[in-house]
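To keep things clear, I will list the structure first and then write my remarks on it.
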2 protein chains.
Amino acid sequence: MKAATVYDVAAHAGVSIATVSRVLRRPADVRASTRERVLASVQFLGYVPSASARGLAARRTGVLGLFFPSIDDEDDSTEVPFVQDTSVRIVVDIPDSGEVRPPNLYFDEVLRGSEREAWRHGFALMVGVGRGTNPAEMVNDIAGRVDGMAVLARSVPDDLLDHVSRRIPVVLIAGPRRGDDYDHVSVSNTEGMQALTEHLLVTHRITEPVYVAGPADSPDDAERYAGFVQALAAAGIDATALPVLRGDFSRIRARDLAEELLAAGSLPRALVCGNDQMALGFLDVFGPAGVRVPEDVIVTGFDGIEAGRLSTPRLTTVHQPMADLGRAAMRAMLSRLQHPDQPPITSRLPVKVLLRESSEGPV
Amino acid sequence: MKAATVYDVAAHAGVSIATVSRVLRRPADVRASTRERVLASVQFLGYVPSASARGLAARRTGVLGLFFPSIDDEDDSTEVPFVQDTSVRIVVDIPDSGEVRPPNLYFDEVLRGSEREAWRHGFALMVGVGRGTNPAEMVNDIAGRVDGMAVLARSVPDDLLDHVSRRIPVVLIAGPRRGDDYDHVSVSNTEGMQALTEHLLVTHRITEPVYVAGPADSPDDAERYAGFVQALAAAGIDATALPVLRGDFSRIRARDLAEELLAAGSLPRALVCGNDQMALGFLDVFGPAGVRVPEDVIVTGFDGIEAGRLSTPRLTTVHQPMADLGRAAMRAMLSRLQHPDQPPITSRLPVKVLLRESSEGPV
DNA sequence: CCCCCAACTGTATGCGCTTACATTCCGTCG
DNA sequence: CGACGGAATGTAAGCGCATACAGTTGGGGG
């Protein structure tokens, strides 16, 4: 099964390879009768053009890359059963059993948007999710295969980024600009959290909301906290005087914080969480403990993940357009490819505050 | 910013291009001192090898492809805001508002598994999600860029599949073999449904379960129904005598079926659904209508999606290892690449029956 | 009936890298 | 001390396609 090449098609159709190439790239430049003859040969021979050859000759691959670090590092050991295995296991699945994998919705959505936008503009998409070990190799590999790549901010060492950016344009997703010249796309973290906080202050007359922070090195969380502080300041409240709970964006850790809060017996009127997962962690504990949300305590999140729409009560949150983030990243790259010398792009996408029962009370 | 090539590196390091290539591909073949000199030049020049050139020369791209049809065709019109837009919209999000996007978990999971397995074996992954219009172009494009591709069964016309399979190996995901010679990977639909049904018959002494079918042309649903029938047959029950509800795998349609059932006032003791979405649709209607699950009617699903774990009551279902499906698909392709002449692979992955409150009663 | 131009088509080159084969090194053994 | 052989490196030939440029064809105008 030797794959057919332009030469095979050309010979079969009785034309030169240039004509075959034209039929595929610029059909209008070829006489209709010739074109049809060539296409018939393409069909007959099962010809599929080699992207490698085309990429080499045309000096562009027509592929955009997307790299994310892996959040949940799944076990690497498990081998996929390769042969037939039609066994069925029956499991009594108790709630909260270890079978739960926190779905990395964020990545899924960004990927979806990226994929869509790339193809829409005639580009294919290559994805890489960095495994714990060495993203370096992977990023470098991808860089050699694409015309440009988008990378989650902070997920790749600066020097590596420098290195690959000498070959192709790089777009950073979701981080703030840090004195670099890369193109950036992110969402309005600050404004979103500010709007949400302001709503709590004004509509619900909360005066001492407690912020539940994410990891200290998260730029996203920092921006969100800034919005929180600004809203308070605008209302004449000094945020630095208020306590802050330090979480790590995980649901598990948030549950611990919730337990501690209950143990201490000092529930604030409102918990403003840096992301949805943590907010859900609080709900996990409050429900069974008899703490009513939002009557006893208001809980809000940030992200707008699916689980927050399915929880009881449903979670008030700030929804960020994750798919659009991916799309914007691709757009930025395409723009950069067309205008290599334009100034660095900074794209900020709008967010949406979703008021639901965890803050508004039962409908 | 002209990208560096082997020639540049060779010149800078004072060696031939062959040596540069060796340093990158087979470091052991090069003397340590030379190697270091070359690597230093690579670093200095910001050299990233071109995958196009390598692919051409080595006759393999090192990329595996994955193609899925798009289930939810998002609107194509929306343009992503490209400039800064830090506006924040505040929305009172009432339950079941149109904001719901049915998450295509299935694809996400398969993709995740595929990505993982591909990179694990030194291959990159290229993804394509067919937009409504012409998957043909997309599949052909991908086929030209990869060493092999996996495709969701039934998502690509047979003749197209034939065409591209003359160039690269193709693996079909999730469909039954249909007299073709492609490699197939799928899950134990029949066995899983059989085990679940048997459980209902034996443990709960159900005698007349009603099957809720998916689209008539769904091979997966056909296999599941077969398992249902077999379990009944084993218990001496003739399935053909029982009514079957015809759904279409969607939650919406299932809700209609549920309404009809209530209107007719003839609830069966158990509803065995062909997938989770439909089962959830029944729950959506039963809850508010005062029909108790599982006391009045048992409802089961198939797939094991996240939403079924978050519903009230939680859904008894058959969980299929979606990520493993992706992994198995990649494995099959890699195996095929190594042994082009081996007989067609048929890989069936085991499933797991998850007993939860929608069939087992409150814990 | 011939010339000229536009529309097509063919020729030839090179994209950047891998790799078979040739050549050069250099330590070893006789 | 010289021949020998494996290790290291260099040479050169493509891989399959795009494309600049040259050549050919077919009419239409003069």
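Remember, predicted model here, so these are calculated numbers, not experimental data. Reminder, nothing fancy here: chain letters follow the sequence lines and each chain counts from 1.
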Taking OP1 and OP2 of [N], is either one under 4.0 Å from a side-chain nitrogen or oxygen of [X]?
X	N	result
Ser21(A)	dA18(D)	yes
Tyr7(B)	dG14(C)	no
Ser16(B)	dG10(D)	yes
Arg31(B)	dA8(D)	no
Thr5(A)	dC15(D)	no
Thr19(A)	dC8(C)	no

How would you label the contact of [X] with the nucleic acid (heavy atoms, under 4.0 Å): base, sugar-phosphate, or nothing?
X	result
Arg25(A)	sugar-phosphate
Val20(A)	nothing
Ser52(B)	nothing

Heavy-atom nearest nucleotide on DNA chain D taken for Ala53(B) and for Ala28(B); more 5' hit belongs to Ala28(B)

Of Leu56(B) and Gly14(B), the one whose closest nucleotide on DNA chain D sits nearer the 5' end is Gly14(B)

Open item on the list: Under 4.0 Å between a side-chain nitrogen and a carboxylate oxygen: does that hold for Asp324(B) and Arg116(B)?
Closed with: no

Interatomic distance, CE@Met138(A) vs CG@Leu160(A), rounded to 0.5 Å, equals 12.5 Å

| task | Take Thr346(B) and Arg177(B) through the side-chain hydrogen bond (donor to acceptor under 3.5 Å, both in side chains) test and state the conclusion after the steps. | result | CA-CA 8 Å; Thr346(B) 299; Arg177(B) 181 172 299 288; 2.7 Å; yes

Please state how far atom [atom1] in [X] lies from atom [atom2] in [N], giving the value in whole angstrom units.
X	N	atom1	atom2	value
Arg145(A)	dC15(C)	CZ	P	22 Å
Leu24(A)	dT19(D)	CG	P	12 Å
Asp29(A)	dC21(D)	CG	C1'	15 Å
Ile17(A)	dA18(D)	CD1	P	9 Å
Arg26(A)	dA7(C)	CZ	P	13 Å
Ile168(A)	dG16(C)	CD1	C1'	16 Å
Arg60(A)	dG16(D)	CZ	P	22 Å

**Asked** So, Glu117(B) side chain and Ala328(B) main chain: donor-acceptor pair closer than 3.5 Å or not?
**Response** no

Among side-chain atoms of Thr61(B) and Arg145(B), is any donor-acceptor pair under 3.5 angstrom?
-> no

Of Val48(B) and Val15(A), the one whose closest nucleotide on DNA chain C sits nearer the 5' end is Val15(A)

Residue pair Ala18(A)/Arg59(A) against DNA chain C: nearer the 5' end by closest nucleotide is Ala18(A)

Query raised in the report: Hey, does the side-chain of Arg22(A) have a donor or acceptor N/O within less than 3.5 Å of a partner on the base of dG10(C)?
Result: yes

* Please test Tyr47(B) against Leu39(B) for side-chain contact (heavy atoms from CB on, under 4.5 Å), starting from the C-alpha separation and ending with a verdict. => CA-CA 10 Å; Tyr47(B) 170 67; Leu39(B) 288 177; over 6 Å; no

